[in-house]
Amino acid sequence: MIEIKNLSFAYEKTKVFEDFNLSISKGKVVLITGVNGVGKSTLLRLIAGALIPDKGKILFPAEMGKDPRKKIGFISDRLSLYESLTIDQAIEFHLSFYDVNRFDDTLINHTKVKRTQKIKELSMGQRTIFHLSLVMACEPEILLIDEIIHSIDVYLREIFLQHLINIISQREITVVMVNLNFTDIEGLLERIILLKGGNILVDENIIGLKQKVRKIVADKIPAELPLLFKNNTPQWTEFYVYPFREDFRKDINGSVVDLDLTEIIKAFIGREYT
Amino acid sequence: MIKKEYRDIYKTALVILSILLVIPLIYIFDRIKWKSDTDYMGIFIIALGAVIFLLANRLGVDTFRTELEDNAFEYLLTLPISRSAIILDKLLPRLAVIIPPVICYEIMILLTKKIQWGRLVISDFFIFKPGYFPFLVILFLLLSFFTSLFRKRNAVGLLTAAALIVFAVSGFALKALLGTVAAPFVQANFTGMSFLLALFVVDMIIGTAFFVVFRKFDVKSLNQHSEKFVLMALGPLILVSIAAILILLISNNSSTPL
């Protein structure tokens with residue numbers, strides 16, 4: 001569905017990607033994560049067309065047409081829109097680029113905004129919901145969501161995620177999300193990609209990753225175990241092991257704990273800082 | 001997009017053109033109080049011409065104002081619209097707004113034989129002549145249009161200044177090439193063709209640099225694109241100005257015209 005081939009990109013002299021390759025299949029919900037500044041948002045902007053690669057290509061299937069942007073919905077962390085337009089004007093402006101003339105305002109009705117309000121008068125949450133409505137009105141085949149979900153309040157976040165779940169269940173849409181907080185979205189995800197230094201450090205499906213990363217609470221673990229990250233708490237030491245195999249259990253003198261996605265990612269990212 | 005652009009600029013145009021309302025007001029006051037024989041129609045026409053230049057500059061300079069102020073570039077670039085269509089959609093409404101006042105000016109100046117201020121025949125200045133005026137206005141608008149995206153960058157200010165110097169120097173040089181002696185800028189019966197051509201050359205250079213940079217324009221730092229734009233435009237501008245200076249030197253030293 002999305003095929004990134006030999007992509008190189010730099011901001012002035014700061015290289016972000018060099019010979020980067022990635023493919024994302026149609027209809028998958030993918031999370032891209034990594035430490036700050038690793039290029040997660042840059043990657044989304046490159047896919048969305050807001051940035052142009054220095055080298056390499058981003059390929060989309062032929063059925064997406066000559067201009068794939070027609071089938072891509074992008075909600076950026078900057079929530080970039082024409083702020084001086086009213087909601088009505090923004091809708092009219094946005095839809096004029098797509099072969100669509102119907103806008104479903106069910107979602108924005110939850111946010112109590114008036115159609116005559118200017119975008120700049122909206123709160124972060126209202127803007128996010130409005131942006132999602134705007135993007136979804138054009139029925140994208142690829143939805144790119146930058147790290148925005150957690151800057152909105154709990155009520156609107158739930159509405160946003162519920163809407164997202166409905167979309168994913170109704171249509172075969174590819175969703176690529178960038179996030180650092182995973183509690184709310186864990187149930188949606190199918191694949192996780194962890195970036196490091198412009199390369200892919202981990203590329204796993206969620207179920208597989210959960211089986212491969214385990215936390216061991218013990219005084220020490222055998223040296224031959226593949227240690228991902230060690231966390232010393234006042235009471236005990238936590239050893240995160242990746243890739244974990246069931247036969248490791250016989251050599252471990254401590255408890256082996258299953259992890260949720262947040263803890264797994266915390267371990268990977270924690271390793272980057274130690 | 002065209003509709004939005006038109007909505008963005010027509011108010012600016014109305015505000016700028018409304019400056020001209022001052023003249024009829026002074027005229028009414030004059031009729032009541034001073035009863036002078038001032039040529040208010042002439043003043044109005046020349047003021048209209050000057051205001052049209054001001055409007056052309058404003059419209060050009062404001063081309064990417066909303067994108068820069070609203071931080072909307074990222075949004076615009078992710079919409080299914082090509083870079084060249086963005087340029088066209090921004091340019092067409094600007095031309096649509098500037099053309100009606102230009103037509104008004106052309107009709108008024110053609111109907112008026114001579115506009116004088118003391119001994120100075122203002123209607124003879126090439127910039128106000130009906131044959132040159134519309135082209136100069138459009139070329140002037142284009143110059144502001146091409147530099148508008150990077151207008152807040154210092155280097156672009158310098159580039160614009162350089163462009164205007166090149167415009168003036170190459171105007172004189174072209175005039176020398178055409179066989180006449182370089183004359184003071186403000187002189188009656190001045191031929192505007194040289195300066196029209198000079199402005200066209202400057203527009204072509206800056207326009208080409210703008211198109212090349214805008215074709216690959218993205219949400220990277222504006223400075224990065226701005227640098228590329230200045231470097232691309234500056235080289236040809238320097239070459240043209242060197243050529244113009246050489247022509248001027250040769251034509252001044254030569255007894256026979258070139």
query = Most heavy-atom pairs under 4.5 angstrom with chain B, which of A:I52, A:I72, A:D67, A:T42?
reply = A:I52

message = What part of B:T78 gets within 4.5 angstrom of chain A, counting heavy atoms only: side chain, backbone, both, or neither?
response = both

query = Rounded to the nearest 0.5 Å, how far apart are OH of B:Y75 and CG of A:L79?
reply = 12.5 Å

Pair A:F93-B:K3, side chain to side chain contact (heavy atoms under 4.5 Å, CB included): steps then yes or no = CA-CA 8 Å; A:F93 177 77; B:K3 198 175 166 187; over 6 Å; no

message = So for A:Y11, is it side chain, backbone, both, or neither that comes closer than 4.5 Å to the heavy atoms of chain B?
response = both

inquiry  = Shorter than 4.5 Å, heavy atoms on both sides: which option in A:G73, A:S76, A:S96, A:P68 has the most such pairs with chain B?
reply    = A:S76

task = For the pair B:R7 and A:L85, evaluate side chain to side chain contact (heavy atoms under 4.5 Å, CB included) and give the outcome as yes or no after the intermediate values.
result = CA-CA 10 Å; B:R7 200 167 39 210; A:L85 296 183; 3.9 Å; yes

inquiry  = Heavy-atom pairs under 4.5 Å with chain A - which of B:M1, B:E67, B:E74, B:E227 has more of them than the others?
reply    = B:E74

query = Are B:K4 and A:Y82 in a cation-pi contact, defined as NZ or CZ under 6.0 Å from the six-membered ring centre and within 45° of the axis?
reply = yes

More than 12 heavy atoms of other groups within 6.0 Å of B:R215 CZ = no

inquiry  = Strictly distance-based, threshold 3.5 Å: is any side-chain N or O of B:D70 a donor or acceptor partner for the main-chain N or O of A:S84?
reply    = yes

inquiry  = Is it the case that atom OH in B:Y27 sees more than 12 heavy atoms from other parts of the structure closer than 6.0 Å?
reply    = no

query = Which atom names give the shortest non-hydrogen contact between B:P80 and A:F97, and what distance separates them?
reply = CG-O, 3.6 Å

message = Before you tell me yes or no, could you show the steps for B:K220 and A:E12 under salt bridge (Lys or Arg N to Asp or Glu O under 4.0 Å), namely the whole-Å CA-CA distance, both residues' side-chain angles and the distance that decides it to 0.1 Å?
response = CA-CA 9 Å; B:K220 261 187 217 166; A:E12 297 192 61; over 6 Å; no

ask   = If only atom types and distance count, is the side chain of B:N71 paired as donor or acceptor with the main-chain N or O of A:S80 below 3.5 Å?
value = no

task = Begin with the C-alpha distance, continue with both residues' side-chain angles, and end with the deciding distance and a verdict on side chain to side chain contact (heavy atoms under 4.5 Å, CB included) for A:R78 and B:V219.
result = CA-CA 12 Å; A:R78 295 177 191 164; B:V219 292; 4.2 Å; yes

Heavy-atom contact with chain A under 4.5 Å, split by part of B:Q224 = side chain

message = Using a 6.0 Å cut-off, check whether atom CZ of A:F103 has over 12 heavy atoms from anything other than its own residue.
response = yes

request  = Could you check which of A:K120, A:Q89, A:K71, A:H131 has the highest count of heavy-atom pairs closer than 4.5 Å to chain B?
outcome  = A:Q89

query = Does A:R69 use its side chain to pair, donor to acceptor, with the backbone of B:L79 at less than 3.5 Å?
reply = yes

